[in-house]
Amino acid sequence: MITLTFPDGAAREYEAGISGYDIAKGISSSLAKKAVAVKVDGVMVDLVEPLNEGGAFEIVMRDDEDALELIRHDCAHVMAEAVQELFPGTQVTIGPTIENGFYYDFYRDEPFSLDDFAKIEKKMGHIIDRNDKFTKRVMSRNEAKQMFADMGEDFKVELIDAIPEEDDVKIYNQGKWFDLCRGPHLPSTGKVGKAFKLMKVAGAYWRGDSDREVLTRIYGTAWANQKDLDEYLVRLEEAEKRDHRRLGREMDLFHFQEEAPGSVFWHPKGWRLFTTLIDYMRRMQEKAGYTEVNSPDMMDRALWEQSGHWEKFRENMFITETEDDRVFALKPMNCPGHVQIFKNGLKSYRDLPVKLAEFGKVHRYEPSGALHGLMRVRSFTQDDAHIFCTREQITEECIKVHNLMLSIYKDFGFEDLRIKFSDRPEKRVGSDDVWDDAEKALKHAVDKAGDEYELNPGEGAFYGPKLEYVLRDAIGRDWQCGTVQMDFNLPGRFDAFYIGSDSDKHTPVMIHRAMFGSLERFAGILIEHHAGHFPLWLAPLQVVICTIKSEADDYAYKVAEQLRAKGMHVDVDTRNEKINYKVREHSVSKVPVILVIGMREVEEETVNIRRLGSRDQTSMTLAEAIDSLSKEATPPDLR
RNA sequence: GCUGCCGUAGCUCAGGGGUAGAGCACUCCCUUGGUAAGGGAGAGGCCGGGAGUUCAAUUCUCCCCGGCAGCACCA
């Protein structure tokens, strides 16, 4: 007998080997009809699977959140069958679920085109209408391998080899078609429903290895019902509207062009956003005890050889050679420059910690396929800083950085963030002892700060472990921005030292940290996060004053002058256009505040305020307006 | 970098072997109008670059450059 505990807390005894379906049927036949799977101790199991262990028990219905996973996975299987039926000779590989849908990777000489989608979707519809039962069988390893080998499914053979010894090799059938699969599945293909859509084709490497075959991946989305699918498609459209590349053009912030792939041409308004970010960060760092420096953009290759970058990243560096045969590299990072500044002049332990900050523009020859608007560029500006300190100071300094990080993100409205801890990668410099110490020190600091973090094994920098700060934006996407990296290696490689209280030379520890990460990228994130509707302090053009008739122009200029005197960014629109036209135009370009000035305002010394995104208008005296707008436009750290 | 798709006016896009079209934006004229597009006229293009096929290429083929989606990469 096994004991199953139902969600309401009731525990019931059943014969071992009973299936979820039988249990459901024992409760009511309509329940059995609606059930698609069961969950035992949180693990999803096929509805017809004999249960031999007790535990927390739950019946999963098709409309449940948990069933979505099954719908999507089964949809992937249905798609794979449709593809193999329509395109004989295509090999199947893997087809997992992902956020909002699924994909399946196929191997075929000829790639699929978007035009094939309609055909495949139609065939999928037939398979779903056929409503074949999903049935499972367990095979021996060799039997299964032989079977797939006979079918010419070489990738499946490789997959079977990768299944851990202790696990069964399971095959799921839907009608005659079958696939190697861990399961679980819905009872039958009909339960998949028709709320699915194939979305895109793309290449993907077999097993994520760029040295292996390129497969054709078809992405699809699937939902419990048509309404959810439609809503998802609308969400995608909405996300597209806030694409920073599109808004960058619409709001006249920046552009890219062929001659400078991966480098930004910042327009006046975009650059104002950029400098607003720098001004803010400069104030925050000043308060936190950093000193700002500037290091050369180009340095001799010898320095990069010494740092280890030449060996590891040479192919991603911009190199120049001069008439006298010297080889220079555009800096891909600021650390070596900062170490040179630290080394210049003898440092005492009394000087530590030394915190050098730089808004350093770095160049990296990123692979062409990686470029993506402002998010991934070949030349970008880091809010970089390096803290040189003693081992004893590490914890305190890390905690300071951590707290600074949190307060900064808060100022930008990012409250939801995650922290990842990345430890030693395979390719690295420095001995294991040093890595042990560095990892321990960094971990100790986060633990002491009391914030939770998740492990990200093997993802550290080549010179040390790191913390990564991941922000969640307004539509739930994650962006890794800040990073703190513990470095026990580079200072030694560069022979940096300080004189300790014992009069001996000691190698300082170097903490690398950036908070925006890349200013370009952070600007892009802010554009998408706010969908272009910036809070007033970030808006590059804060107020446009629109006149209704030209007799109001003089007063409009006076209002502008007074707002500018408070440091605000203001335009005056006195064009001979209707007020509707002006309001529309400035709303489209996302100016947060429109002041409308007609004869009424001139006579009463008032302004009429219209905020972006609202049809409401409010009137107030000029003095009141200037006071409230300039307060709102003050950066959060100066309020 | 890899796979696929794309590149026509500032933007969004139509067209198609005989050297080009719309809407918006732009310039000028009329209109001074109270909260998301007033009317009229005009200007604007080496159809991404190079080679090939052809009597003829923006259109077809190949190469290159750039972009998009995904993969790989990301100090």
Side-chain angles (χ1 to χ4, degrees), chain A residues 98 103 105 110-115 199-219 243 245-246 249-250 252 255-262 304 307-313 315-317 331-336 362 364-373 375-378 382 384 425 427-429 459-464 466 480 483 485 487 490 512 514 517-518 521 546-553 574-589 594-601 608-610 612-617:
Chain A
I98 50 173
Y103 66 78
D105 286 345
E110 193 135 336
F112 299 101
S113 81
L114 257 43
D115 302 332
M199 303 297 283
K200 51 198 173 197
V201 256
Y205 298 110
W206 169 236
R207 307 200 128 187
D209 183 344
S210 56
D211 293 329
R212 296 290 306 262
E213 297 87 336
V214 177
L215 308 171
T216 301
R217 176 172 297 179
I218 299 180
Y219 285 92
D243 188 308
R245 293 166 297 186
R246 174 176 171 157
R249 188 176 56 241
E250 288 172 359
D252 193 17
H255 85 270
F256 290 91
Q257 66 185 50
E258 285 195 24
E259 291 80 355
W304 303 108
S307 71
H309 289 98
W310 191 266
E311 197 198 341
K312 191 162 193 303
F313 290 112
E315 295 190 341
N316 299 307
M317 287 164 71
K331 67 176 174 187
M333 50 174 4
N334 306 295
C335 341
V362 296
R364 297 177 182 179
Y365 186 73
E366 302 287 2
S368 56
L371 302 179
H372 180 93
M375 302 306 191
R376 189 87 178 268
V377 286
R378 285 188 176 150
Q382 294 178 315
D384 204 359
K427 267 180 133 182
R428 58 178 182 264
V429 295
E459 295 294 318
F462 75 90
Y463 46 71
K466 63 183 180 187
Q480 194 232 298
T483 171
Q485 301 169 4
D487 185 354
L490 278 189
H512 309 239
S518 147
R521 184 160 173 275
C546 299
T547 52
I548 291 173
K549 55 190 289 187
S550 41
E551 277 124 83
D553 290 1
T574 57
R575 289 175 305 170
N576 179 10
E577 293 290 352
K578 290 211 159 115
I579 194 64
N580 298 32
Y581 184 89
K582 294 184 183 181
V583 165
R584 177 186 148 80
E585 193 174 281
H586 298 116
S587 299
V588 165
S589 72
I594 296 175
L595 297 186
V596 173
I597 305 280
M599 293 320 287
R600 201 151 64 219
E601 285 71 26
N608 182 275
I609 303 183
R610 183 190 166 115
L612 179 62
S614 163
R615 301 188 103 83
D616 299 339
Q617 304 146 36

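Basis for what follows: all heavy atoms, side chains included, without hydrogens, waters or symmetry-related copies. Chain A is the first sequence line, chain B the second, and so forth, proteins listed ahead of strands; every chain is numbered from 1. Being a predicted model, the structure only gives us computed values, none of them experimental.
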Watson-Crick or G-U wobble mate for rG33(B), both contacts under 3.5 Å: none
Atom pair SG (Cys546(A)) and CD (Glu577(A)), whose distance is rounded to the nearest 0.5 Å: 11.0 Å
Phosphate OP1/OP2 of rA36(B) contacted by Arg615(A) side-chain N/O (<4.0 Å): yes
Touch class at under 4.0 angstrom, heavy-atom based, for Arg249(A) against every strand present: sugar-phosphate
Nucleotide nearest Arg376(A) (side chain, heavy atoms from C-beta), chosen from rC74(B), rA25(B), rG34(B): rC74(B)
Among rA72(B), rG34(B), rG70(B), the one nearest Pro367(A) by side-chain distance: rA72(B)
Test applied, side-chain hydrogen bond (donor to acceptor under 3.5 Å, both in side chains); reference residue, Glu366(A); option that passes from Arg376(A), His372(A), Arg378(A): Arg376(A)
Point-to-point distance, once rounded to the nearest 0.5 Å, from CD of Gln485(A) to OH of Tyr463(A): 3.5 Å
Atom pair distance, as rounded to whole Å: CD in Glu577(A) and P in rC26(B): 8 Å
Sugar-phosphate only, base, or nothing, as touched by Glu585(A) at under 4.0 Å among non-hydrogen atoms: nothing
Sugar-phosphate only, base, or nothing, as touched by Asn316(A) at under 4.0 Å among non-hydrogen atoms: base
Sugar-phosphate, base or nothing in reach of Glu315(A), heavy atoms under 4.0 Å: nothing
Selected nucleotide, minimal atom distance to Val588(A) side chain, candidates rU32(B), rA25(B), rA36(B): rA36(B)
First of Ala461(A) and Tyr219(A) reached from the 5' end of RNA chain B, by closest nucleotide: Tyr219(A)
Among rA69(B), rG48(B), rA72(B), the one nearest Glu258(A) by side-chain distance: rG48(B)
Sugar-phosphate only, base, or nothing, as touched by Phe112(A) at under 4.0 Å among non-hydrogen atoms: nothing
Sugar-phosphate only, base, or nothing, as touched by Lys466(A) at under 4.0 Å among non-hydrogen atoms: sugar-phosphate
Any His372(A) side-chain nitrogen or oxygen under 4.0 Å from OP1 or OP2 of rA69(B): yes
rG39(B) versus rG16(B) - spacing of their P atoms, nearest Å: 31 Å
Below 4.0 Å: OP1/OP2 of rA25(B) and any side-chain N or O of Tyr581(A): yes
Sugar-phosphate only, base, or nothing, as touched by Tyr103(A) at under 4.0 Å among non-hydrogen atoms: nothing
rU32(B) base / Ser550(A) side chain donor-acceptor hit below 3.5 Å: yes
Rounded distance (nearest 0.5 Å) linking atom CZ of Arg428(A) with atom NZ of Lys312(A): 12.0 Å
Among rC71(B), rA36(B), rG66(B), the nucleotide that comes nearest once only the side chain of Val583(A) is considered: rA36(B)
Spacing between Leu114(A) atom CG and rU3(B) atom P, to the nearest angstrom: 18 Å
Ring-on-base stacking rA75(B) with Phe313(A) (under 5.5 Å, under 30°): yes
Beyond-backbone contact of Leu490(A) with His512(A), side-chain heavy atoms, under 4.5 angstrom: yes
Given RNA chain B, 5'-ward residue of the pair Gly262(A) and His512(A), judged by closest heavy atom: Gly262(A)
Sugar-phosphate, base or nothing in reach of Val214(A), heavy atoms under 4.0 Å: sugar-phosphate
Sugar-phosphate only, base, or nothing, as touched by Val362(A) at under 4.0 Å among non-hydrogen atoms: nothing
Touch class at under 4.0 angstrom, heavy-atom based, for Met599(A) against every strand present: base
Sugar-phosphate only, base, or nothing, as touched by Gly208(A) at under 4.0 Å among non-hydrogen atoms: sugar-phosphate
Rounded distance in Å between the C1' positions of rC65(B) and rA25(B): 28 Å
Watson-Crick or G-U counterpart of rU61(B), or none if no pair lies under 3.5 Å: rA51(B)
Nucleotide paired to rG23(B) in any strand shown, Watson-Crick or G-U, under 3.5 Å: rC11(B)
Salt bridge (Lys or Arg N to Asp or Glu O under 4.0 Å) evaluation trace for Arg207(A) with Asp209(A): CA-CA 5 Å; Arg207(A) 307 200 128 187; Asp209(A) 183 344; over 6 Å; no
Sugar-phosphate only, base, or nothing, as touched by Pro261(A) at under 4.0 Å among non-hydrogen atoms: sugar-phosphate
P-based separation of rC30(B) from rA57(B) [nearest Å]: 47 Å
Sugar-phosphate, base or nothing in reach of Arg610(A), heavy atoms under 4.0 Å: base
Touch class at under 4.0 angstrom, heavy-atom based, for Arg245(A) against every strand present: sugar-phosphate
Nucleotide nearest Asn608(A) when distance is taken to its side chain, options rU35(B), rA75(B), rA36(B): rU35(B)
N/O donor-acceptor pair under 3.5 Å between Lys582(A) side chain and Thr547(A) backbone: yes
Check: Tyr365(A) side chain, rG1(B) base, donor-acceptor under 3.5 Å: no
